[in-house]
2 protein chains.
Amino acid sequence: MVGTPDFAQMLRRCGGRATPGRLRLMRALWKETAPVTAARLQKSLGGALNLATLYRALDALAEDGVVRRVDFRHGHAHYELAAPARAHHHHLACTGCGAVEDVACTLRPRLKRTSAFSTITDHAMEYFGLCKACGARGPERGGRIWTGAGE
Amino acid sequence: MVGTPDFAQMLRRCGGRATPGRLRLMRALWKETAPVTAARLQKSLGGALNLATLYRALDALAEDGVVRRVDFRHGHAHYELAAPARAHHHHLACTGCGAVEDVACTLRPRLKRTSAFSTITDHAMEYFGLCKACGARGPERGGRIWTGAGE
DNA sequence: CAATAAACGCGAATTATTTGCAATAATATC
DNA sequence: GATATTATTGCAAATAATTCGCGTTTATTG
Ligand SMILES: [Mn+2]
Ligand SMILES: [Mn+2]
Ligand SMILES: [Zn+2]
Ligand SMILES: [Zn+2]
């Protein structure tokens, strides 16, 4: 992971097309140092992509695990590059100024002193998976069963 | 924590008023077994509270830490009773059917086999706190500094 | 009981995100 | 390289969750 990853190949491997728009999107995400909003991303792309298109691309990429959606409790989503471009990790967000610091995922986060943060006032941790019933039902073709509609 | 907590006192201790609406809200939350949406909560209250009022109450309560906002990646928030009524914990949510299971917070979550779930496909973990700059600045009267407006 | 500020309902406004649809362009095939 | 197939795109309109303004009610305090 020395130079820039081959995004074109990465996109195609996920069953997508390497369009100029998505390539720019990947490169823009690659440069980011912290999760960004769709709106900010669009600006950073010089408005190259329509916002609706951008959301669609991000959704597709998140679906494939190439992009990770992050919730900082701001009322909107943030996105960042995930595997295989970037190693799995978590975040520490400042509720005061919005500063974000990466945190390694030890799955044993007895957070030690961190350089840029003084206090940890709260944390969120949610696990996602399949209950036995759904797991037994097998990977229903197409994935997602429960859409969340109405709840 | 044998019987029902004294919600009236709990509300007043947080600088709020023990209105019939908020008392019913607390009792409704107390009965819930998993985080619920504002809309669902309103129904469970028989529409006793206006949705806007409900959101205002939930915000205030979350502010005081009495209520915890949970993100299950459904595009809307879920709420549940927190301290001192309920012990701190986390969740395991089924992306298939939406089933939710509580997970103890060991801060060392090497998730062992759990009863109702077969697989854990993903998890989210975000920490919140204050960076050194904000921490040094002290608890600005009123709390929140960064509103997230515009980002 | 009167004063004060919190809480309420209602309707309108915001915001993030999604969708329908017709036009384009990337990939696979020939 | 030309062609068929299908994903992607832009744009405008639609949703859905959450918030706000404001005039009215009511809990709390003394
Ligand atoms: Mn990160
Ligand atoms: Mn719970
Ligand atoms: Zn800060
Ligand atoms: Zn399930």
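Labels below follow one simple rule: chain letters A, B, ... track the order of the sequence lines, proteins then strands, and each chain is numbered from 1.
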Quick one: which of A/R68, A/R86, A/H89 gives a side chain to side chain donor-acceptor pair (under 3.5 Å) with A/E80?
-> A/H89
Could you state the atom-to-atom distance from CG of B/L58 to C1' of D/dT19 in whole Å?
-> 13 Å
May I ask you to say what B/A52 touches in the nucleic acid, namely base, sugar-phosphate or nothing, with a heavy-atom cut-off under 4.0 Å?
-> base
From CG (A/L49) to CG (A/L54), nearest 0.5 Å | 6.0 Å
Taking NZ, NE, NH1 and NH2 as the nitrogens, is one of them in A/R69 or A/D59 under 4.0 Å from a carboxylate oxygen of the other?
-> yes
The contact string for nucleotides 22-30 of chain D, one letter per nucleotide 5' to 3', using protein heavy atoms under 4.0 Å with B, S and - for base, sugar-phosphate only and none, comes out as ----BBS--
Measure the spacing between CG of A/L61 and CG of A/L29 and express it to the nearest 0.5 Å.
-> 8.0 Å
Would you kindly give the CG-to-P distance between B/L54 and C/dC10, to the nearest whole Å?
-> 14 Å
Spacing of B/L41 atom CG relative to D/dT18 atom P, expressed in whole Å | 12 Å
Once you round it to whole Å, what is the distance between P of C/dA12 and CG of B/L51?
-> 16 Å
To the nearest angstrom, how far is B/L49 atom CG from C/dA7 atom C1'?
-> 10 Å
To the nearest Å, give me how far apart CD (B/Q42) and C1' (D/dT18) are.
-> 13 Å
note: A/L11, atom CG; D/dT8, atom P; distance rounded to Å ~ 9 Å
Pick base, sugar-phosphate or nothing for B/A8, based on heavy-atom distances below 4.0 Å to the nucleic acid.
-> nothing
Candidates C/dC8, C/dT19, D/dC20 - which lies nearest the side chain of B/T53 | C/dC8
Name the orientation class of the two ring planes belonging to A/H74 and A/H76 (parallel below 30°, tilted from 30 to 60°, perpendicular beyond 60°).
-> perpendicular
Are the side chain of B/N50 and the backbone N or O of B/A52 linked by a donor-acceptor pair below 3.5 Å?
-> yes
Send over the distance from B/R40 CZ to D/dA16 C1', rounded to a whole Å.
-> 19 Å
How long is the gap from CZ on B/R24 to OG on B/S44, to the nearest 0.5 Å?
-> 8.5 Å
Under 4.0 angstrom between A/R22 side-chain N/O and D/dA7 OP1 or OP2 | no
Are any of B/Y55's side-chain N or O atoms less than 4.0 Å away from OP1 or OP2 of D/dT19?
-> no
